[in-house]
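Worksheet: one structure, shown below.
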Number of protein chains: 4
Amino acid sequence: MECPFDTKPRWERRKDARPHELLAAAIDLFVERGFASTRLEDVARRAGVSKGTLYLYFENKEELFKAVVRTSIVPVIGAAESSVAEFEGHSADLLRKVMQDWWERIGANKVSGIVKLVTAEAGNFPELAKFYQDEVINRGTRMISSMLERGIARNEFRQVNVTQMTQVLIAPMLMLVTWKHSIGPCERGELEPLAFLATFLDMALHGLLPATHVVAPAAV
Amino acid sequence: MECPFDTKPRWERRKDARPHELLAAAIDLFVERGFASTRLEDVARRAGVSKGTLYLYFENKEELFKAVVRTSIVPVIGAAESSVAEFEGHSADLLRKVMQDWWERIGANKVSGIVKLVTAEAGNFPELAKFYQDEVINRGTRMISSMLERGIARNEFRQVNVTQMTQVLIAPMLMLVTWKHSIGPCERGELEPLAFLATFLDMALHGLLPATHVVAPAAV
Amino acid sequence: MECPFDTKPRWERRKDARPHELLAAAIDLFVERGFASTRLEDVARRAGVSKGTLYLYFENKEELFKAVVRTSIVPVIGAAESSVAEFEGHSADLLRKVMQDWWERIGANKVSGIVKLVTAEAGNFPELAKFYQDEVINRGTRMISSMLERGIARNEFRQVNVTQMTQVLIAPMLMLVTWKHSIGPCERGELEPLAFLATFLDMALHGLLPATHVVAPAAV
Amino acid sequence: MECPFDTKPRWERRKDARPHELLAAAIDLFVERGFASTRLEDVARRAGVSKGTLYLYFENKEELFKAVVRTSIVPVIGAAESSVAEFEGHSADLLRKVMQDWWERIGANKVSGIVKLVTAEAGNFPELAKFYQDEVINRGTRMISSMLERGIARNEFRQVNVTQMTQVLIAPMLMLVTWKHSIGPCERGELEPLAFLATFLDMALHGLLPATHVVAPAAV
DNA sequence: AATGAATGAGCTTTCATTCAT
DNA sequence: TATGAATGAAAGCTCATTCAT
């Protein structure tokens, strides 16, 4: 006789869990092997389902990848947008907060591998590139720019070139991610990410804050 | 008098030119599509030869790639090593020179695509990763470290942590390359590479030069 | 009522039958063309499937070949081992039985082509050679030797050199197989295999049986 | 200053030697690797010439192989034919002589590899098969048959079935060759070829000689 | 909803043969 | 006569996607 509880067939109980399990498996493998080299069969196996099942939930490999981005990265941008919209303090502190959140939710996380993957393979998958551009880069860029504009409007930042400064702020994140997922693992002398970010922020704020501010140089 | 019919031979014998032509085609395609996605048939076609011809000059795809690295990147490292060995002036100027040379010969060049390719795909091709590690990363790292040690020995630099500072100096080059070959092309607001490098150098020298020194922001 | 249009599905799902069908196709083609010259696409086509399907069931060409050997030859050795272990009569009769079984299950059969193939190509495929050595030759040799030792122990055979006599007993089988799959088909005057085997057995028993025995020429 | 003798350019002096050198290289490689697996480039290299040169002397791979057979095997058949035509003694001695000559000039020699190669690959190269059939097998068969007929005509042999006995006489040679070039090298307990041939001859003569003859059994 | 067998285009590599030099 | 660069048809194997069950 079987246990009277939990008699529902497993697949039924799991109906809602499937997409999560598949996405979790997908993110792992995409991060490990990149987009082109990840085999859908492996994703399915890691999620404990068959290849066909994967196609019930995701139209194809690209849609699966988009879903991974949508669940792992886009929400972080949304949160950052909210931070910018709702923050009440000094813009320098807002900037610090946004960078710190990025580090916690992406940089230090497995998800950073997805960011690196896009920089690595976007060229070969134009549709993915476009999707990522629209959903992540443009929104992220806009968010950072709006943060700068807020600072300028409140006279907390100098009248810098917003577009260019936006790139400068993105750069260290991009670098950390590239480092972590390519050269980094081979190197002995680690690039200490938090110290690096701090240095970068100091440098950036040096260019952003009105002249009267004095910033102590950070230890790299 | 020429024959009025199309007398073009089925092929032309160009033993000496072939390797160059093939390497040129290979570098173009590797940069455009990456290692895995580059088809040897396309390389051959672009060089104006057949698939088989390529194999007369390069044992296989990996060897072709190594040859590309050997001809396009390794010599730049060699030149930098010589610079470090032979330079007579202040170590800060040496540092500037090395960075500038890098920018001219790699960063601003198509070759930068190869550097980016390696960061993108090394994980999937361990033998290539090892080759690049040995021939480029280790040598490059050693070269930069020796430059720092020279500065310290001559009391031109402070007693910094050489290993870590080496990474910091590599980082902006890595970033420029990543930027240029992934996000960059999609962006409107360009990251101005020379300005970026200059900023980085200033920041680095700020940490390197003895406290008494006053450094005017340098134009790279 | 059947649909009057051609409703044949693009493919049919025959999981259980496939391995057999593929092995049957493989054995035919291996026997016809040898190992190196057999194209997996042809094997697949003969089995009525596509190239890819073959790889669902066999990891690669060598594994396919091993599977052919395992299903067609190895069991015959197993059966012979059992015969030797269980036989109760005179060792000369056991020897006759084993040779006769070999003829029925291998020599007279298509499978003999596999034996010939191995002698023909083992030199070019060391891994296959090792496999066949382990699974067939060593086991077969041991089986024949044990048969001889049984005869000697029971005083039914003379104290011959077991190792050498084992080779002698293998030789005619090898010859028949070589003959059948190379010179034989071209020849008009057939080598009558059964008569040949009988002659050989008589000769061998002449050397094996104690002097006092008188053996009537046996019909195998 | 150079030696005044031997000033002719090497290629001129070698003009006549070329075919020999190529044939020698070809026989080595055909024996080592078989027909299909032997690369003409390797043959050329071993002969110390270029691939193109090989094609000056031999139309293609098959013609090269035919030439190998013509120089290494056909003459032995010719010699045997002469023996049969000119021999003056007892036919049994003629038979022994022919077998012994075969052993010395083919069986014990590298050339035996060519015989084995044909049994191994004839099926895949019909034109070679036909050539070998005409030049070697048919002539060889005829030669052996004529030897038997001579014996019968001179009342030195019984009235046996010539066709079948011819096959029986070919068989041990075929077996030795197969053994030597496939299973043999793997086996510990060597099949002693000369003893094996002697046994076979005794057995054959037992069937050939008139009843009054008494033949001592040979030690296998 | 779930499965996994089946497909076939695509890619790297090999080598007999040709032919410009 | 001699060379060896160039060709291109194969062949083994992979994997995203489809679809009968």
Side-chain angles (χ1 to χ4, degrees), chain A residues 9-12 14-15 18 36-45 48-62 64, chain B residues 7-18 36-44 47-62 64, chain C residues 9-18 36-44 47-62 64, chain D residues 9-12 14-15 18 36-45 48-62 64:
Chain A
R10 194 182 303 154
W11 63 262
E12 195 174 340
R14 290 238 171 154
K15 191 156 52 169
R18 282 280 187 262
S37 297
T38 290
R39 296 169 33 186
L40 291 190
E41 179 150 26
D42 290 341
V43 174
R45 189 179 9 256
V49 302
S50 73
K51 237 189 316 186
T53 301
L54 198 155
Y55 278 86
L56 292 177
Y57 294 97
F58 305 97
E59 223 171 72
N60 54 36
K61 202 182 188 181
E62 299 214 332
L64 173 63
Chain B
T7 54
K8 192 162 53 151
R10 276 208 296 149
W11 44 265
E12 213 181 333
R13 192 193 183 90
R14 313 199 51 209
K15 186 191 172 162
D16 297 337
R18 286 287 185 248
S37 297
T38 290
R39 295 168 13 171
L40 291 190
E41 183 150 24
D42 290 342
V43 174
V49 300
S50 75
K51 236 183 325 181
T53 300
L54 201 155
Y55 281 87
L56 292 179
Y57 295 95
F58 305 98
E59 229 171 65
N60 54 37
K61 201 181 187 181
E62 299 216 332
L64 174 63
Chain C
R10 275 208 296 149
W11 44 265
E12 213 181 332
R13 194 193 183 89
R14 314 198 51 208
K15 186 193 171 155
D16 296 337
R18 285 287 185 249
S37 298
T38 290
R39 296 170 10 172
L40 292 189
E41 183 152 24
D42 290 342
V43 173
V49 301
S50 73
K51 229 181 338 179
T53 300
L54 200 156
Y55 282 87
L56 292 178
Y57 296 95
F58 304 97
E59 230 170 65
N60 54 38
K61 202 181 187 181
E62 299 216 334
L64 174 63
Chain D
R10 193 181 304 152
W11 64 263
E12 196 175 338
R14 290 238 170 156
K15 192 157 52 168
R18 282 277 186 265
S37 296
T38 290
R39 296 169 32 186
L40 291 191
E41 180 149 26
D42 291 340
V43 174
R45 188 177 12 254
V49 302
S50 73
K51 237 190 314 187
T53 302
L54 198 155
Y55 278 85
L56 292 178
Y57 294 96
F58 305 97
E59 222 172 73
N60 54 36
K61 203 183 189 182
E62 299 214 333
L64 173 62

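All chains are named by letter (A, B, ...) in the order of the sequence lines, taking the proteins before the strands, and each is independently numbered beginning at 1.
Side-chain atoms of V49(C) lie closest to dT7(E) of the nucleotides dT7(F), dT13(E), dT7(E). Minimum atom distance to the side chain of T53(D) is reached by dT3(F), of the listed dT3(F), dT7(F), dA6(E). Listed nucleotides: dT7(E), dT12(E), dG12(F). Nearest to the side chain of Y55(C): dG12(F). The side chain of Y57(C) lies closest to dA5(E), out of dA2(E), dA5(E), dA16(F).
Here dC15(E) presents its C1' atom at 16 Å from CG of L54(B), a figure rounded to the nearest Å.
Heavy atoms of K61(C) sit under 4.0 angstrom from primed sugar atoms or phosphate atoms, though from no base atom.
Contacts between residues 36-45 of chain A and DNA chain E, defined by a heavy-atom separation below 4.0 Å, involve no residue at all.
Checked against side-chain hydrogen bond (donor to acceptor under 3.5 Å, both in side chains), S50(C) has the following partners two or more places apart in sequence or in another chain: T53(C).
Heavy atoms from other residues, nucleotides or ligands lying under 6.0 Å from CD of E62(C) number more than 12.
Within the 4.5 Å cutoff, side-chain heavy atoms of L64(D) are placed close to those of L40(D). Residues R45(A) and D42(A) have side chains in contact (heavy-atom distance under 4.5 Å, counting atoms from C-beta outward).
K61(D) and A36(D) get closest at one heavy-atom pair: NZ-O, 3.1 Å.
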**Complete:** Per-residue pairing states of DNA chain E in dot-bracket (Watson-Crick or G-U under 3.5 Å; . unpaired, | other strand) read .||||||||||||||||||||
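Checking G48(B) against K51(C), the closest nucleotide of DNA chain F that is more toward the 5' end is the one next to G48(B). Taking the nucleotide of DNA chain F with the nearest heavy atom to each of N60(C) and G52(B), the more 5' of the two is matched to G52(B).
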